[in-house]
Number of protein chains: 2
Amino acid sequence: MSVLRKINAQLEDMAPADRQIGRFILDHPDQMLKLSSAALAAETGRSQSSVVKFSQKLGFAGYQELKLAVSKAKAQEWHAPPGMIHGSIEVGDGYLTILQKLISSKMLAMQQTLAVNGEQEIERALTALNDARRIHMAGVGASSLVARDFSYKLMKLGRNVLHDSDSHVQMANASTLNAADVLFAFSYSGASIETLRIAELARERGATVVAVTGLNGVPLTQVANIRLYTAADEERVRSSSITARDAQLMLTDLLFILLIQRQPDANDYVHNSETAVSVLKAR
Amino acid sequence: MSVLRKINAQLEDMAPADRQIGRFILDHPDQMLKLSSAALAAETGRSQSSVVKFSQKLGFAGYQELKLAVSKAKAQEWHAPPGMIHGSIEVGDGYLTILQKLISSKMLAMQQTLAVNGEQEIERALTALNDARRIHMAGVGASSLVARDFSYKLMKLGRNVLHDSDSHVQMANASTLNAADVLFAFSYSGASIETLRIAELARERGATVVAVTGLNGVPLTQVANIRLYTAADEERVRSSSITARDAQLMLTDLLFILLIQRQPDANDYVHNSETAVSVLKAR
DNA sequence: AAAAAGTCGGAATAAAAAATTCCGAAAGAT
DNA sequence: ATCTTTCGGAATTTTTTATTCCGACTTTTT
């Protein structure tokens, strides 16, 4: 239990002097960290020895130890807020609240995304990816960025990847696919017209279609051979596109890592690519 | 930034005595918390005064303050929710292990990124963003995707944003900046030549330069007016670019949300933009 | 109700720790 | 090779912490 909680719990049963000192620490923990025992005594109108005794009654060797404990407690409080704060981000929220809500939304999106996809389906996607002659990526808007991010990563592994942010170019590329190829179609709603049409075309041409959609990804999921789902916490963060994107990235990152595991020479590829890029660094 | 990171970063440039003291603190932070300056001196074979001077060189008033900072840093580090698996992803790891390692790396990157940026610096970036006549984004490679993602979001709020993935175009755009404009420069290494040159040009032209770099973002940070840091957990996940990107997105998402809070009509803008896009949906 | 026992809390003091000063040695610059 | 700067420890001063001691007040016991 954190010291602050401990002090708070015992506050009622303390002698007046101790209670006064305890209250001050609870009210101004940050200030207390900067004060010496004598200064704290002056601040509370008590004696320096009382401050030391207060520390010892709490089980510490002395005032210094108490300070360390308070510092630790404050830091932990900052990081592990008393239970994650739920609910959507509101206009009146303070900086810290927003921060906590944002991070907890992101975590939830990632965890749920991992939870909704079974290992078999991931495995199937992975095999398709690994065996593909060419990998084609489709996606518009924010999903296009995820597609591109994934493309870059796969290229680092020496894979044959095609992606363009222009949906007409994507469509043109899709018309060249065949049974040896894989199309990754990203659309959180599952209803983006361009992505849908591209997926349909790819399917007609015999390519394996992997759909990455939100939980209700109809109609895109109906076109797909392999279905992967992303869970975004739309209620929490105002613009849901944030967590939808995080969920998509969680999934593509996972596929990337798993693909590395399957490819013995992956490290060489990644290393070479990094060496090449480092030529473009200053210093 | 946590003291431990700070010590680690400066360790190389320290004088022998300081390096020895610093190394001991990095190696045994918990033990150090129980030691007095003299005891730490004895432990490292150095003098007590050197320990105090070491503390002061790091910017603290004295050894006591350093101890408080270390205690705080340790507490923050000790964030790991139960069930998190540490260590880098290895070849032999099973599906579940990889999953857990990946997610914990991502969480850590996000949390540390929030931890290293003070509210004031975020506030400054926000004000610059809010008051900017035009917002220009620079970044190459993976950072370019982050820049683009951020651009899209800001555009949804009706902001004047410029971004192109081609660095020559970015440079040309930068040449049109003036004191009323803001340049966001993304580079995890802080050393990408193109981004650096663009930032220099923007700075010369009087624009406010916001640098978003990793913890050691030199030389880009030296050009910047406002410095934001991203913490990636490079050791854990093979390709560090994953967590570096997550950290950058964490930061841009935070800025976006905070900007929404400041803009009363933000909801209208977002709503209109979503309505417009929904025309492109099937169903 | 009075004495005894115990608690509380501050002043004074002792002990410890921290911070500063000073100076010689080593490294670097000119 | 000489000058300057930096480094780092010994010694000293200052500050902070911990202990002791004692009077005032409370509670218990007889």
Side-chain angles (χ1 to χ4, degrees), chain A residues 3 6-74, chain B residues 3 6-74:
Chain A
V3 222
K6 192 170 179 180
I7 292 173
N8 190 50
Q10 296 184 12
L11 206 63
E12 294 310 316
D13 305 329
M14 286 178 175
D18 288 339
R19 183 155 42 215
Q20 209 167 340
I21 293 167
R23 175 126 304 284
F24 184 89
I25 295 174
L26 289 178
D27 291 343
H28 318 285
D30 292 307
Q31 196 176 337
M32 172 266 186
L33 290 175
K34 293 176 190 150
L35 298 172
S36 68
S37 61
L40 175 57
E43 205 70 39
T44 54
R46 294 295 172 161
S47 72
Q48 181 260 338
S49 63
S50 291
V51 172
V52 175
K53 284 173 192 167
F54 172 85
S55 310
Q56 293 170 335
K57 282 175 195 162
L58 281 169
F60 299 100
Y63 180 63
Q64 298 259 33
E65 264 193 25
L66 171 65
K67 266 171 92 168
L68 284 177
V70 169
S71 163
K72 190 176 159 186
K74 281 298 292 175
Chain B
V3 221
K6 194 170 179 180
I7 292 174
N8 190 50
Q10 297 184 11
L11 205 63
E12 294 310 317
D13 305 328
M14 285 179 177
D18 287 338
R19 182 154 42 217
Q20 209 166 339
I21 293 167
R23 175 127 303 285
F24 183 89
I25 295 174
L26 289 178
D27 291 344
H28 318 285
D30 292 308
Q31 196 175 336
M32 172 268 187
L33 290 176
K34 293 175 190 150
L35 298 172
S36 67
S37 61
L40 175 57
E43 206 69 40
T44 54
R46 295 294 172 161
S47 72
Q48 181 258 339
S49 63
S50 290
V51 172
V52 174
K53 285 172 192 167
F54 172 84
S55 311
Q56 293 171 333
K57 282 176 194 160
L58 282 169
F60 298 100
Y63 180 64
Q64 299 254 37
E65 263 192 27
L66 171 65
K67 266 172 94 167
L68 284 177
V70 170
S71 161
K72 190 176 159 187
K74 281 299 292 175

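Residue numbering restarts at 1 for every chain, and letters A, B, ... go by the order of the sequence lines.
Axis angle, first five pairs versus last five pairs of the helix from dA1(C)-dT30(D) to dT30(C)-dA1(D): 20°, rounded to 10°.
Within the 4.5 Å cutoff, no side-chain heavy atoms of Leu40(A) are placed close to those of Phe54(A). The shortest distance between side-chain heavy atoms of Glu43(B) and Gln31(B) falls below 4.5 Å. Counting only heavy atoms from C-beta outward, the side chains of Leu66(A) and Met32(A) approach each other to under 4.5 Å. Between Gln64(A) and Gln64(B) there is a side-chain heavy-atom pair separated by less than 4.5 Å.
Looking only at distances, a side-chain donor or acceptor of Ser71(B) sits under 3.5 Å from a matching main-chain atom of Leu68(A). At distances below 3.5 Å, at least one donor-acceptor pair connects side-chain atoms of Lys67(B) with backbone N or O atoms of Leu35(B).
In this structure, Thr44(B) OG1 and Asp27(B) CG are separated by 12.0 Å, a value rounded to the nearest 0.5 Å. For the atom pair OG (Ser37(B)) and CD1 (Ile21(B)), the distance works out to 10.0 Å, reported to the nearest 0.5 Å. In this structure, Lys34(A) NZ and His28(A) NE2 are separated by 12.5 Å, a value rounded to the nearest 0.5 Å. Atom CD of Gln56(B) is separated from atom CG of Leu58(B) by 10.5 Å, given to the nearest 0.5 angstrom.
When DNA chain D is scanned 5' to 3' for any atom under 4.0 Å from a heavy atom of chain B, the first and last hits are dC7(D) to dA10(D).
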N/O to N/O distances under 3.5 Å, protein versus nucleotides 19-21 of chain C:
unit_1, atom_1, unit_2, atom_2, d
dA19(C), OP2, Tyr63(B), N, 2.7
dA19(C), N7, Gln48(B), NE2, 3.0
dA19(C), N6, Gln48(B), OE1, 2.8
dT20(C), OP2, Gln56(B), NE2, 2.5

